[in-house]
Protein chains: 2
Amino acid sequence: MSAIADVARLAGVAKATASRALSGRGYVSEETRRKVIEAAREIGYVASPNAASLVTGRTKSIGVIIPFISRWFFSEVLESMEQALLDEGYDMTLYNLPAPSPERERVFDYFLARKRFDGVISVGVALSDDEVTLLHRLGRPLVGIGGPIRGVHTIAIDDVASARLATKHLLSLGHTEIVHIGGSKEDEMDFQVHSNRLTGFYSAMREAGLLPEGSGSFYACEFTMPGGYEVGLAVFGDPRTRPTAVFAASDEIAIGLIVAARELGIQVPADLSVIGIDGHPYADMFRLTTIEQHPRRQGRLAVLSLLAELETPTPGEEDEHLTVLPTNLVIRSSTSGPRPPHGA
Amino acid sequence: MSAIADVARLAGVAKATASRALSGRGYVSEETRRKVIEAAREIGYVASPNAASLVTGRTKSIGVIIPFISRWFFSEVLESMEQALLDEGYDMTLYNLPAPSPERERVFDYFLARKRFDGVISVGVALSDDEVTLLHRLGRPLVGIGGPIRGVHTIAIDDVASARLATKHLLSLGHTEIVHIGGSKEDEMDFQVHSNRLTGFYSAMREAGLLPEGSGSFYACEFTMPGGYEVGLAVFGDPRTRPTAVFAASDEIAIGLIVAARELGIQVPADLSVIGIDGHPYADMFRLTTIEQHPRRQGRLAVLSLLAELETPTPGEEDEHLTVLPTNLVIRSSTSGPRPPHGA
DNA sequence: ACATTTCATGGAACCGGTTCCAGCGACGGC
DNA sequence: GCCGTCGCTGGAACCGGTTCCATGAAATGT
């Protein structure tokens with residue numbers, strides 16, 4: 001493989017000049033630059049980023065830690081981040097780490113601890129203190145998506161408020177028998193998403209004078225469409241547990257519930273109102289009312305924040321703060337007022 | 001940041017010895033090794049992969065080119081590849097390039113052409129000759145998923161055969177009014193997936209003595225669930241175009257069709273049989289009969305092939321061959337024989 | 001006309017590892 | 001007892017760029 005020394009020789013200049021000509025830094029006469037570029041083209045020279053990184057300390061590469069790739073929210077975030085990074089001339093190395101595990105430790109020690117990246121973005125992963133310390137020691141900026149991490153700038157939505165908004169929408173339509181169906185506390189890997197949404201639900205209900213805790217007003221399920229479908233069949237199949245409205249913790253769950261309801265012959269929204277959270281592309285075809293959370297914006301903002309910090313490192317070592325992105329209610333026709341009692 | 005020279009000094013040995021002790025290559029006495037490791041631990045030494053790559057020529061990193069992240073097939077492939085690579089001590093840098101574009105050129109010239117990777121995997125991307133040449137010139141192995149690329153080992157399923165299998169299943173149940181709903185030739189980015197599946201459909205139909213071409217037996221739609229839903233409403237809504245069975249080019253399309261059918265009050269499978277291709281996790285909840293294609297196996301095999309070639313480079317420059325992975329029919333209850341004519 | 005800048009270039013050090021080679025003591029074979 | 005081999009270590013070259021510094025020529029200022 002040809003090195004920059006070969007280019008320099010062919011162009012009849014010094015290595016230093018060739019480097020300046022090709023990188024565009026420092027003074028080079030127009031004529032010399034042309035000669036060098038021509039020489040480089042002639043022998044098919046391509047620069048070694050490794051060699052450059054070694055001396056500049058910059059790799060033009062960002063590491064990303066993410067617990068899932070195939071779930072909607074995460075793949076959207078990923079796509080938008082990849083796009084934004086590429087636009088800025090960075091590439092993205094992906095670590096798919098579902099849970100704290102020996103493997104995750106290995107990745108931190110082996111890949112992340114080394115100076116492979118100019119910065120790291122952590123999506124929906126609650127980093128341990130040790131992990132944050134490790135990353136901080138590298139002197140590389142770190143931003144998070146999804147929840148507060150000690151000493152780290154994080155982009156997130158307000159899950160409690162979004163859940164409250166969803167619940168209040170149902171309340172405002174006149175519902176009182178409302179159930180929340182969402183992820184269980186146990187498999188809570190992405191910060192407190194599950195419990196925050198439950199908290200928001202309880203808070204809105206209590207505020208409306210309803211006392212949801214303890215009664216059968218929350219059902220846990222897998223955070224997927226089949227997950228929602230299964231509890232849907234179970235919960236709606238039993239007339240005693242059937243509410244007039246459901247707040248699902250995600251659109252996928254909500255859609256699973258709608259499919260289950262339809263199979264059981266339950267009319268949505270006449271017999272059952274359903275609201276979700278996400279703004280999933282399928283929401284429209286199921287006419288699902290939902291709280292949109294715009295993952296692509298979150299991804300894009302994370303990248304921009306990281307790169308900004310790369311340009312001008314913040315003076316303070318730690319820069320913990322939370323950027324809360326707005327969510328918004330989109331009303332379709334999966335929600336309406338409850339059907340009036342038969343005798344009315 | 002501490003370098004290996006610092007470790008060596010602290011341990012009272014030469015750089016060379018420290019390097020050998022830490023990397024495990026070459027002769028080092030047990031005692032020296034302990035001393036060096038202890039010194040490294042003490043000052044929190046982490047090796048610079050850049051410096052190592054510079055001299056060894058190995059980066060322990062694989063580049064992946066993929067047109068989508070959020071679509072099921074691709075995210076599954078991605079997850080499995082990431083897993084397999086991590087197991088082998090490699091990491092994965094992702095380039096999400098939907099279509100040939102100036103941007104894609106930039107990525108090839110700027111990122112891929114450089115020696116950042118030990119190898120490259122191209123998923124569902126029909127590389128141009130120039131692109132393949134560029135990658136080949138680096139002397140780095142390249143494997144593909146999804147279709148033949150000149151001079152490249154590729155993992156794929158047989159789309160024609162899978163489509164034939166799906167169609168024959170419907171034929172064997174006694175259907176004759178069969179329609180294929182799939183991607184259009186126009187937005188065909190992933191090799192000839194769309195047209196191959198159409199070809200397989202036509203082939204099986206002709207073999208059964210039915211002449212599908214020209215008649216309204218193919219409808220194009222977006223390769224998503226909403227895409228299937230929309231054509232479903234259009235095609236099934238009109239009694240004249242309504243077939244007794246549909247072969248959908250993907251499970252997502254198939255599910256969209258089923259949802260549309262249910263909304264129109266059409267019984268699946270009594271009034272309409274539906275079969276898809278994929279083995280999507282939602283298939284079960286919609287009781288969808290489908291041809292499973294196991295993307296995770298494809299991803300895993302691609303990684304293993306690439307790493308194998310990395311270990312022992314094939315003597316011949318070009319190593320074009322196709323590994324065809326099997327698909328299999330999973331019968332659920334979205335397919336049955338056609339309802340007998342009213343008078344029967 | 002002379003003192004400053006500014007522009008252009010080359011030489012050399014440097015980034016942080018790996019590896020080749022030489023040297024040396026200990027040990028086994030003959 | 002001598003030689004060859006093995007095990008271990010250090011010195012130095014090297015990977016392929018970037019950048020600091022020195023030097024000199026040309027342009028600019030007064």
Side-chain angles (χ1 to χ4, degrees), chain A residues 1-40 43-61 89 110-111 113-118 138-140, chain B residues 1-37 39-40 43-61 110-111 113-118 138-140:
Chain A
M1 285 289 110
S2 52
I4 201 171
D6 304 325
V7 175
R9 198 175 312 120
L10 182 58
V13 298
K15 262 175 66 179
T17 305
S19 171
R20 281 186 291 253
L22 293 170
S23 69
R25 272 183 295 272
Y27 294 116
V28 184
S29 77
E30 202 39 57
E31 196 196 328
T32 311
R33 161 166 287 119
R34 272 211 327 279
K35 272 196 325 205
V36 171
I37 290 178
E38 170 56 25
I43 61 177
Y45 167 77
V46 283
S48 155
N50 277 319
S53 306
L54 188 54
V55 39
T56 61
R58 288 308 182 80
T59 63
K60 285 287 184 176
S61 186
Y110 186 69
F111 290 110
R114 292 162 149 80
K115 304 147 195 169
R116 253 168 199 264
F117 309 111
D118 291 347
L138 291 175
R140 300 272 181 269
Chain B
M1 284 289 107
S2 53
I4 200 170
D6 303 325
V7 175
R9 199 175 313 118
L10 182 58
V13 298
K15 261 176 66 178
T17 305
S19 172
R20 280 187 292 254
L22 293 170
S23 69
R25 274 181 293 272
Y27 294 115
V28 184
S29 76
E30 203 37 58
E31 195 197 328
T32 310
R33 161 166 287 120
R34 273 209 327 278
K35 273 194 326 202
V36 171
I37 290 178
I43 62 177
Y45 167 77
V46 282
S48 156
N50 276 318
S53 305
L54 189 53
V55 40
T56 61
R58 288 307 182 80
T59 62
K60 286 285 184 176
S61 185
Y110 185 68
F111 289 110
R114 292 162 149 80
K115 304 148 197 169
R116 252 169 199 263
F117 309 112
D118 291 347
L138 291 176
R140 299 272 182 269

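Each chain gets a letter, A, B and so on, in the order the sequences are listed, and its residues count up from 1. In this text the structure is predicted, and so the values were computed from the model without any measurement.
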Next on the checklist: Classify B:Ala5 by what it touches in the nucleic acid, base, sugar-phosphate, or nothing, heavy-atom distance under 4.0 Å.
Outcome noted: nothing
Checklist entry - Could you give the OH-to-P distance, from B:Tyr27 to D:dC8, as a whole number of Å? => result 8 Å
Next on the checklist: With rounding to the nearest 0.5 angstrom, report the CG to CZ distance, A:Asn50 to B:Arg58.
Outcome noted: 13.0 Å
Item to check | OG1 on B:Thr17 to CZ on B:Arg33, rounded to 0.5 Å | outcome: 11.0 Å
Checklist entry - Quick one: the side chain of B:Lys15 and the base of C:dG17, do they pair up donor-acceptor inside 3.5 Å? => result yes
Checklist entry - From B:Arg25 CZ over to B:Thr56 OG1, what is the distance, rounded to the nearest 0.5 angstrom? => result 7.5 Å
Checklist entry - What's the CG-P distance between B:Asn50 and D:dT18, to the nearest Å? => result 13 Å
Checklist entry - Checking side-chain contact (heavy atoms from CB on, under 4.5 Å) for the pair B:Arg140/B:Phe117: CA distance, chi angles, key distance, verdict? => result CA-CA 8 Å; B:Arg140 299 272 182 269; B:Phe117 309 112; 5.6 Å; no
Checklist entry - Looking only at side-chain N and O atoms, does A:Ser19 come under 4.0 Å of OP1 or OP2 in D:dT18? => result yes
Next on the checklist: Within the 4.0 Å heavy-atom criterion, would you say B:Thr32 contacts the bases, only the backbone, or no part of the nucleic acid?
Outcome noted: sugar-phosphate
Item to check | Spacing of CG belonging to A:Leu10 relative to CD belonging to A:Glu38, to within rounding of 0.5 Å | outcome: 8.5 Å
Next on the checklist: Between P on D:dA26 and CD on A:Glu31, what's the gap in Å once rounded to a whole number?
Outcome noted: 14 Å
Checklist entry - Mapping A:Gly26 and A:Ala51 to their closest nucleotides on DNA chain C, which lands nearer the 5' end? => result A:Gly26
Checklist entry - Does A:Thr59 reach the main-chain N or O of A:Ser53 with its side chain, forming a donor-acceptor pair under 3.5 Å? => result no
Next on the checklist: Rounding to an integer number of Å, can you tell me how far B:Glu30 CD sits from D:dG7 C1'?
Outcome noted: 13 Å
Checklist entry - To the nearest angstrom, how far is B:Arg25 atom CZ from C:dC20 atom P? => result 11 Å
Item to check | Rounded distance (nearest 0.5 Å) linking atom CG of A:Asp6 with atom NZ of A:Lys15 | outcome: 10.5 Å
Checklist outcome for this item: When rounded to whole Å, the CZ to C1' distance for the pair B:Arg114 and D:dC15 reads 17 Å
Next on the checklist: Categorize B:Ala16 for me: base, sugar-phosphate, or nothing, with a 4.0 angstrom heavy-atom threshold over every strand shown.
Outcome noted: base
Checklist entry - Please give, in whole Å, the distance from D:dG17 P to A:Arg9 CZ? => result 12 Å
Item to check | End axis versus end axis in the helix from C:dA1-D:dT30 to C:dC30-D:dG1, the angle rounded to 10°, five pairs used at each terminus | outcome: 30°
Checklist outcome for this item: Per nearest nucleotide of DNA chain C, the residue lying toward the 5' end, B:Thr17 or B:Leu54, is B:Leu54
Checklist entry - For C:dG17, does either OP1 or OP2 sit under 4.0 Å from a side-chain N or O belonging to B:Tyr45? => result yes
Checklist entry - Just wondering, do B:Ile37 and B:Arg34 contact through their side chains at under 4.5 Å, heavy atoms? => result no
Checklist entry - Across the strands shown, which category fits A:Val46 at heavy-atom distances under 4.0 angstrom: base, sugar-phosphate, nothing? => result sugar-phosphate
Checklist outcome for this item: Side-chain atoms of A:Ala3 come closest, of C:dG17, C:dT9, D:dG16, to D:dG16
Checklist entry - Side-chain donor or acceptor of B:Arg20 under 3.5 Å from a matching atom on the base of D:dG10? => result yes
Next on the checklist: Mind checking if B:Ser48 touches a base, just sugar-phosphate, or nothing, with heavy atoms under 4.0 Å?
Outcome noted: sugar-phosphate
Next on the checklist: If I take atom CZ in residue B:Arg34 and atom C1' in nucleotide D:dC8, what distance separates them, rounded to the nearest angstrom?
Outcome noted: 16 Å
